[in-house]
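This report concerns only the one structure given below.
Lettering of chains follows the sequences in order, A, B, ..., and the numbering in each one begins at 1. On a predicted model such as this, the values are computed, not experimentally measured, just so you know.
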Amino acid sequence: MGKGDFVVKGVADFDVGQTLECGQCFHFKKIDENEYGVVAFGKLLHIRQDDNSVIFYDTSEAEYEEVWKKYFDLDRNYAQIKASLLEKDSKLKQAMDTMWGVRILKQDFFEILISFIISQNKQIPHIKQIVATISRKYGDYLGKIGEEEFFGFPSCEKMLDITLEDLKECKTGFRAPYIMDAVSKVGDKTIDEKILREVDIHVCLEKLQLIKGVGEKISNCVMLFGLEKREAFPIDVWIKRIMEFMYFDREASKDEIATFAKEQFGEYGGYAQQYLFYYGREKKLGK
DNA sequence: ATCCAGGAGGGCC
DNA sequence: GGCCCTCATGGA
């Protein structure tokens, strides 16, 4: 009764583990080595990779084309992106060669917005836990892989009914009123995804920061991971340390780093950021 | 135990 | 503008 498995062979510049574990996504569960359960856009995917062939379990070709190929950004030429970055900056080579299989996911705007509001002053495992709790309590049940149950992230409409107390029960702490504000502003179209996609990065940054608890860093994450603005360059504590270590050899302000990154990486800022973030964090650069 | 985590708001100067 | 404190919670 399954749709059958869909297998993609000969994929380049893609590693499912690296792509999911690099810190851009909080809604997945590792099943085994190179094998994951992933939730996105109200669907559950069971995926596994063996070298350059990727198995999408119980997935039709149509669903792959419509949903997962886009989600994993598989129709983009990363070899060209890497070459362009390297042409200007050979320092990226080691990070890029190590994290060669990272692709930037095209995730849902609303889920990314709420997830990165949650992310402030928290470690990645705990962010994942809170996203899972909110999904379990307020999202739709999507199925299970083994004993693990998966739930979709609730829509904005559904979250409009949630109270501050409900959110605090999900361990969101001082972020609860921030989430309430985001839900309300997306709900009444003060924040409109369609418009945000059309405007340039500076206007987008301003609009996103109308939400309480959303500053420059979270806005840049939302633009990069949820609005496909790949020039965005989020600067968090890690990227700050890594950039200081690799390019400044001294302390540098976030503004200074942002200006440098724009000049150095340009339209590929988001890709550079992701390779550097993941590599630097794994190697504990600058710590 | 104290410190810190993919930050941001608010008060102060 | 910059600097400092605080926010709720859990892991090292």
For A/Q24, report the nucleic acid contact type (base, sugar-phosphate, nothing); a contact means any heavy atom under 4.0 Å. base
Using atom P in both nucleotides, what's the gap between B/dA8 and C/dG10 to the nearest angstrom? 22 Å
Between B/dG6 (P) and A/E282 (CD): distance, integer Å: 12 Å
C/dG11 versus B/dA1 - spacing of their P atoms, nearest Å: 16 Å
Salt bridge between A/K240 and A/E251, side-chain N to carboxylate O under 4.0 Å? no
Within this structure, what is the CD-to-P distance between A/E216 and B/dG9, rounded to whole angstrom? 11 Å
Charged N-O contact under 4.0 Å between A/E228 and A/R76: yes
Any salt bridge (Lys or Arg N to Asp or Glu O under 4.0 Å) pairs touching residues 271-286 of chain A, not counting sequence neighbours? none
Please give the distance between the P atoms of C/dC5 and B/dC3 as a whole number of Å. 13 Å
Taking A/K91 for the side chain and A/M246 for the main chain, is one N or O donor matched with an acceptor at less than 3.5 Å? yes
Got a donor-acceptor pair under 3.5 Å from the side chain of A/Q274 to the base of B/dG6? yes
Run the salt-bridge test on A/K69 and A/E65 with the 4.0 Å N-O cut-off and return the result as yes or no. yes
Ring-on-base stacking B/dG6 with A/F277 (under 5.5 Å, under 30°): yes
Could you state the atom-to-atom distance from NZ of A/K284 to P of B/dG6 in whole Å? 10 Å
Check whether A/F150 forms a cation-pi arrangement with A/K43 (NZ or CZ under 6.0 Å from the six-membered ring centre, at most 45° off the ring normal). no
For the pair A/Q49 (side chain) and A/D51 (backbone), establish whether a donor and an acceptor sit closer than 3.5 Å, ignoring hydrogens and angles. yes
A/D181 CG to B/dG9 P, in whole Å, measures 10 Å
Is there a side-chain contact between A/R241 and the phosphate of B/dA5, meaning an N or O under 4.0 Å from OP1 or OP2? yes
Can you name the salt bridge (Lys or Arg N to Asp or Glu O under 4.0 Å) partners of A/R230, sequence neighbours left out? A/D73
Rounded to the Å, how far apart are A/I218 CD1 and B/dA5 P? 15 Å
Contact class for A/Q273 vs. all strands (heavy atom < 4.0 Å): base, sugar-phosphate, or nothing? base
Here the distance between atom C1' of B/dG6 and atom CG of A/N220, to the nearest Å, is 12 Å
If a protein heavy atom is under 4.0 Å from the base, mark B; if only from the sugar-phosphate, S; if neither, -; do that for nucleotides 6-12 of chain C going 5' to 3'. -BBBBS-
How would you label the contact of A/G213 with the nucleic acid (heavy atoms, under 4.0 Å): base, sugar-phosphate, or nothing? sugar-phosphate
So which one's nearest nucleotide on DNA chain B is more toward 5', A/K212 or A/P234? A/P234
What is the distance from CD1 of A/I242 to C1' of B/dG6, rounded to the nearest Å? 10 Å
Between atom CZ in A/F26 and atom P in B/dA5, what is the gap in whole Å? 15 Å
